[in-house]
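Working notes, structure below.
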There are 2 protein chains.
Amino acid sequence: MITPATGPAHEEARKGPAPADRMPTIKDVAELAGVATSTVSRALSKPDRVNQHTRQRIQEAAAQLNYVPSSQAKGLSSGRTGTVAVLVPDITNPFYFDIIRGTQHQLKAAGLTQLLVDTEESSEMELDALHKMRRSADGFVLAASRLTDAQLAEVAGSQPLVTINRASADAPSVVIDTPSAIIQALDHLASLGHNRVCYVGGPPTSWSNEMRWKVFEEDSRRRGMETHRIGPFIPKTTSGAAAADAALRTGATACVVFNDLLAIGMLQRLQARGIRVPEDMSIVGSDDIFGADFCNPPLTTISSPIEQAGRVAVAMLLSQLNPVPGGASRKLAVMPTHLTIRQSTGPAPD
Amino acid sequence: MITPATGPAHEEARKGPAPADRMPTIKDVAELAGVATSTVSRALSKPDRVNQHTRQRIQEAAAQLNYVPSSQAKGLSSGRTGTVAVLVPDITNPFYFDIIRGTQHQLKAAGLTQLLVDTEESSEMELDALHKMRRSADGFVLAASRLTDAQLAEVAGSQPLVTINRASADAPSVVIDTPSAIIQALDHLASLGHNRVCYVGGPPTSWSNEMRWKVFEEDSRRRGMETHRIGPFIPKTTSGAAAADAALRTGATACVVFNDLLAIGMLQRLQARGIRVPEDMSIVGSDDIFGADFCNPPLTTISSPIEQAGRVAVAMLLSQLNPVPGGASRKLAVMPTHLTIRQSTGPAPD
DNA sequence: CAACTTATGGCAATCGCTTGCCGCAACATT
DNA sequence: AATGTTGCGGCAAGCGATTGCCATAAGTTG
């Protein structure tokens, strides 16, 4: 009874009503229901286009065969893949986990699936992925893109995409307004009596790193503080030791750190060196990632609605993919942030 | 010069040599190179099948058009999607991050892309995803599957899959050998003088939770300890408070906790209640996730090669997808674990 | 009752690529 | 010179859906 399979049929698992080894196609459903494939297709996607009675027969047939349409074939004609690629520089980094969580959530709600890509902090890999996946994803979410402005502009011109934490005139972006919270942080530090402050820098290719530094420099100077900058550092806890040592050498009494990962690494190093936080040195992180609340001491940091940023990014992408005739879609979303004060900041020493 | 696009052509971004708005197809390449599409196809996938000279001409044409084959169309004929779905119960949980990192790594190496799915701890969603994505993924990696044995057996019979932390006779599995480290942990606790111990349970549907408890019970009894079990708890830090309170009520002096997330949550609660760890209560976590080393106090825990487990799972899946004629592929991989002693365990009180 | 609509389902082209089969030319072999 | 080999490309048939167009039947309208 089994159709002579073309490929090497694997023999196991032919229990139950499974008709053949092969996946059921729309044709099988059509035959079982006694209609043409076109009717099956319509019954399944445009129910109104088909007679109530026929439709039901088809649905039963489909259910009986356990039929699932091939997304590939569907995509072939429609040109859509039902997929969105999310590119992050480093899956290792909890910051991106939250983004991923956000995009995943929103994509699922839209019936799309998420293709996750780690670009390993490399603009080449990013560009390459963007290129290779052009055909396999309907759109892209670029988290903390490492692309140059020119590259980004070019890519944005040829495929739907939205960036996170990387503003650009050429692509819709959602940016997290960390700068304004940096001002809050400096305020906080100033009120604690700090006047020698240090910015601990992240990856040189990071757009948000530059933004943060710019605001930090400007605002701390305005306040008449002694401003230092160290870095760049790879934003991982393991770089924290070098960062902490360098920070100590500057003589600053408080650091604003590119991100929490690095800040937590510094905390560990400072503790190891017997430097007390916040008594001897205050530390402000950024992002409020998983772990910032239970490290030792709990980290004062800039809380960002990261997951929400991921969700908004997807929403913007969707409105780009299915434009509504009326309104132009939003080109920029700014996510608010705030300073969360925990225990890694305190009065300046002396 | 522009072909009258069928859809509403978007006008921007027609800079550069982009010929039309449409993506170049194999046909475009064929025309430009002056050959048939079949030749292009072969030149690109089976280079030997085509003359060196022709091949080069084709490659140039492809490069010039910036051609990328449609994975959809490719898949249509080959039946492959070039994609593997990874199902995790909760993307929120750092444990799975490490798995994802591992699978991602190995998949990329194999030229496959990863479809990430969050099943939200629900066996229905898991089953549903497995069903709906049957056609869009070549195989599945089920991390900590919530499926029943019967469900798992059925699914495993009809599609290539490998499980992580869920042994089954019906599917290749990689399991993390936490149980043997639980014995180590009890050894450690016993040597510190603890004789009232408590297992803090995770999700009732978790296979590994059951395994851990079984070993815990058996071994602690064998040692003549007073054995308690509390739970189930949702394995998040937020459940830690309830878990900590319940643990305290048992009178145990040491807890072995289902996972680090829960353990860290307990740490926080115990600290809030003024219970000192490890002086008043020792805590042993499980998995050694991100954060276990910098929480307060740093957590004694069962270190697991999580990322590696993800990698091995993919390797096993691949050998299932591309079976070598000779050897039968491995059905079970056991990943070794060990106890990492930090500062959340200490001598029993009294 | 003729002329129109409308509802419904089938036919066949199409999407982009792969692949079995065939043809042809250039060599190699008796 | 006749007959095999090879190497190389083209033809055309799929793969599994979608969809424009058409045919048929049934219901409406004047």
Side-chain angles (χ1 to χ4, degrees), chain A residues 3 5-7 20-59 61-62 65-82 132-136 138, chain B residues 3 5-7 20-59 61-62 65-82 132-136 138:
Chain A
T3 26
T6 52
D21 200 0
R22 175 179 58 80
M23 298 259 176
T25 74
I26 200 175
K27 206 169 160 188
D28 300 318
V29 178
E31 274 167 15
L32 183 57
V35 296
T37 62
S38 45
T39 307
V40 175
S41 173
R42 281 190 282 253
L44 265 26
S45 47
K46 333 179 160 29
D48 298 340
R49 185 61 177 67
V50 111
N51 182 288
Q52 147 83 19
H53 186 250
T54 322
R55 189 198 318 162
Q56 187 170 332
R57 202 149 36 91
I58 291 175
Q59 280 165 344
L65 292 177
N66 200 10
Y67 168 72
V68 178
S70 149
S71 52
Q72 313 218 88
K74 182 170 330 198
L76 232 207
S77 9
S78 73
R80 294 236 164 163
T81 62
K132 292 223 178 101
M133 305 184 71
R134 225 176 5 156
R135 304 293 293 274
S136 30
D138 292 339
Chain B
T3 25
T6 52
D21 200 1
R22 180 179 52 80
M23 296 257 175
T25 74
I26 200 173
K27 206 169 158 187
D28 301 318
V29 179
E31 273 167 17
L32 183 57
V35 295
T37 61
S38 45
T39 307
V40 175
S41 173
R42 282 190 282 253
L44 264 27
S45 49
K46 331 180 159 32
D48 298 341
R49 185 63 177 67
V50 113
N51 183 289
Q52 147 83 22
H53 186 253
T54 322
R55 188 196 322 161
Q56 186 169 333
R57 201 148 38 91
I58 292 175
Q59 280 164 344
L65 293 176
N66 202 11
Y67 167 72
V68 178
S70 149
S71 52
Q72 314 217 90
K74 182 170 333 198
L76 234 207
S77 9
S78 73
R80 293 240 165 161
T81 62
K132 291 223 178 102
M133 305 185 70
R134 223 177 6 154
R135 304 293 295 274
S136 32
D138 292 340

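Every chain is numbered from 1, with letters handed out A, B, ... down the list of sequences.
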>> Looking at every heavy atom in both A:Asp28 and A:Arg22, which two are closest together, and how far apart are they?
In response: OD2-NH1, 3.2 Å
>> Does A:Thr25 reach a base, just sugar-phosphate, or nothing at all? Heavy atoms under 4.0 Å.
In response: sugar-phosphate
>> For residues 67-78 of chain A, which residue pairs pass the side chain to side chain donor-acceptor pair (under 3.5 Å) check, not counting sequence neighbours?
In response: none
>> Taking the axis from the first five pairs and the axis from the last five, what angle separates them in the helix from C:dC1-D:dG30 to C:dT30-D:dA1, rounded to 10 degrees?
In response: 40°
>> Can you list, in residue-number order, the parts of residues 72-82 of chain A that come under 4.0 Å of DNA chain C, counting heavy atoms only?
In response: A:Leu76, A:Ser77
>> If I take atom OG1 from residue A:Thr25 and atom CG from residue A:Leu65, how far apart are they, to the nearest 0.5 angstrom?
In response: 9.0 Å
>> Let's see if you get this right: which residues in residues 43-59 of chain B place a heavy atom under 4.0 Å from DNA chain C?
In response: B:Lys46, B:Arg49
Output side-chain donor-acceptor pairs under 3.5 Å for residues 31-52 of chain A, partner residues at least two apart or in another chain, one line each.
residue	atom	partner	partner atom	Å
A:Ser45	OG	A:Ser41	O	2.8
A:Asn51	OD1	A:His53	N	2.6

>> Going by side-chain contact (heavy atoms from CB on, under 4.5 Å), name the residues that satisfy it together with B:Asp138, two or more places apart in sequence or in a different chain.
In response: B:Arg80, B:Thr81, B:Leu321
> For A:Val68 and B:Lys132, which heavy atoms make the closest approach, and how far apart are they?
Replying inline: CG1-O, 3.7 Å
>> Students should find this one: the first and last nucleotides of DNA chain C, 5' to 3', lying under 4.0 Å from a heavy atom of chain B. What are they?
In response: C:dG16 to C:dC21
> Going 5' to 3' along DNA chain D, which nucleotides are the first and last within contact of chain A (any atom under 4.0 Å from a heavy atom)?
Replying inline: D:dG16 to D:dC21
